[in-house]
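The figures that follow rest on heavy atoms only: side chains count, while hydrogens, waters and symmetry mates do not. In what follows, residues are counted from 1 in the order of the sequence shown. Whatever order the structure lists them in is the order used to number ligands and atoms, beginning at 1.
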Amino acid sequence: MEIIVVKNYKELSKLSAEVIAEVIKNKPDAVLGLATGSTPIGCYENLIEMYRNGELSFEQVRTVNLDEYVGLDKNHPQSYAYFMRDKLFNKIDIKPENTHIPNGCAEDLVDSCDRYNHVLSVLHRDVQLLGLGSNGHIGFNEPGTPFCALTHITDLAESTIKDNARLFNNVDEVPTQALTMGVKDILRADKIIILASGKNKAEAVKAMVKGPITNQCPASALQEHENCIVILDEDATSLL
Ligand code: GLP
């Protein structure tokens with residue numbers, strides 16, 4: 001793991017966008033693994049800025065997202081499909097047909113996971129962007145998930161439901177399940193960038209970089225990846 005500490009969220013956002021932009025400049029039809037949550041929003045804003053300045057085009061870029069809630073339609077404002085259109089896809093020149101997000105509203109969710117695994121087997125990721133859950137999750141791989149998991153249906157941890165309740169009217173509206181890429185899928189990307197910002201991530205950061213490699217902290221699996229960049233702001237390093 002290469003650990004880069006920056007001063008604040010603004011710098012973290014700028015640097016992560018620069019790393020992704022570099023990948024696209026070297027390979028205009030790159031496959032990007034993308035993440036949701038609050039943390040990558042600044043990175044996406046920087047990428048949009050580069051597109052608007054004419055520095056970057058997403059015309060040939062393909063994307064695969066990490067996860068989606070079960071039961072939220074793609075037009076639900078808290079669905080990750082909506083998030084990606086709102087925060088990135090609608091503001092750049094990417095072709096909608098080149099973007100992929102698991103379908104958490106399919107009648108047959110097992111089949112939906114199988115289809116997504118097929119997409120992942122065809123679209124080899126040049127880079128995977130990740131946020132970090134306060135309990136050490138990546139995607140929605142909660143503590144205890146075996147590292148050999150591929151895309152699967154998962155029950156969300158109580159702490160994740162509480163963390164994410166801030167985005168819903170109340171905690172009862174937060175879905176209790178999600179479809180997520182597995183840890184094994186995540187590790188298949190050529191390059192991984194994981195971002196963590198703020199004191200509430202400090203404990204998970206410590207377990208990810210200093211702790212044993214254990215599925216009690218899914219992000220600790222990244223210690224075994226050959227090309228993983230960890231970008232942290234100062235607050236997120238407060239327990240290191
Ligand atoms: C969510 C997502 C993760 C994300 C994490 C952290 O539940 N499934 O992909 O990385 O939680 O979110 P945030 O960046 O809002 O702290």
Exercise. Among all protein heavy atoms, pick out the one at the shortest distance from atom 16 (O) of ligand 1; state its residue, atom name and that distance to 0.1 Å.
Key: Lys201 NZ, 2.6 Å

Quiz item: Of the listed options (Asn65, Leu132, Leu66), which comes nearest to atom 6 (C) of ligand 1 when hydrogens are ignored and any heavy atom counts?
Solution: Leu132

Self-check item: Asn53 side-chain N/O to Glu55 backbone N/O, donor-acceptor pair under 3.5 Å
Solution: no

Exercise. I would like to know whether Thr160 and His137 meet side chain to side chain donor-acceptor pair (under 3.5 Å); could you show each step before the answer?
Key: CA-CA 9 Å; Thr160 300; His137 76 212; 3.3 Å; yes

Quiz item: Which of the numbered atoms in ligand 1 are below 4.0 angstrom from a heavy atom of Asn164?
Solution: 1 (C), 7 (O)

Self-check item: Region of Thr180 engaging ligand 1 - heavy atom pairs below 4.0 Å
Solution: neither

Practice problem: Check whether any side-chain N or O of Asp185 sits under 3.5 Å from a backbone N or O of Gly182 as a donor-acceptor pair, and report yes or no. | Solution: yes

Quiz item: What atoms of ligand 1 come within less than 4.0 Å of a heavy atom belonging to Gly131?
Solution: 10 (O)

Quiz item: What do we get for Arg166 next to ligand 1 when only non-hydrogen atoms under 4.0 Å count, side chain, backbone, both or neither?
Solution: side chain

Practice problem: Tell me, please: is Met181 in heavy-atom contact with ligand 1, that is, under 4.0 Å? | Solution: no

Quiz item: Taking the side chain from His225 and the backbone from Ala189, do they hold a donor-acceptor pair closer than 3.5 Å?
Solution: yes

Self-check item: For atom 11 (O) of ligand 1, closest protein heavy-atom neighbour
Solution: His137 NE2, 3.1 Å

Exercise. Taking Thr154 for its side chain and Leu156 for its backbone only, find out whether a donor-acceptor pair lies under 3.5 Å.
Key: no

Self-check item: Side-chain donor or acceptor of Asn117 paired with backbone N/O of Cys113 under 3.5 Å
Solution: yes

Self-check item: side chain to side chain donor-acceptor pair (under 3.5 Å) partner of Ser197, chosen from Asn8, Asp235, Asp233
Solution: Asp233

Self-check item: atom 8 (N) of ligand 1: the protein heavy-atom neighbour that sits closest, reported with distance to 0.1 Å
Solution: Asp67 OD2, 2.9 Å

Self-check item: Aromatic centroids of Phe58 and Phe89 separated by under 6.0 Å
Solution: no

Quiz item: For atom 12 (O) of ligand 1, which candidate among Gly37, Gly139, Ala35, Gly198 provides the closest heavy atom?
Solution: Gly37

Quiz item: Backbone, side chain, both or neither: what part of Tyr80 comes under 4.0 angstrom of ligand 1, heavy atoms only?
Solution: side chain

Self-check item: Proximal atoms of ligand 1 relative to Phe140 (non-hydrogen, under 4.0 Å)
Solution: 7 (O), 8 (N)

Quiz item: In terms of residue, atom name and distance, what is the protein heavy atom nearest to atom 4 (C) of ligand 1?
Solution: Thr36 O, 4.0 Å

Practice problem: Return the residue, atom name and 0.1 Å-rounded distance of the protein heavy atom closest to atom 15 (O) of ligand 1. | Solution: Ser38 N, 2.7 Å

Quiz item: Quick one: nearest non-hydrogen protein atom to atom 14 (O) of ligand 1, plus distance?
Solution: Thr39 OG1, 2.4 Å

Quiz item: Got a donor-acceptor contact below 3.5 angstrom from the Ser16 side chain to the Leu12 backbone?
Solution: yes

Quiz item: Is the backbone of Gly42 close enough, under 3.5 Å, to the side chain of Tyr9 for a donor and an acceptor to pair up by distance?
Solution: yes

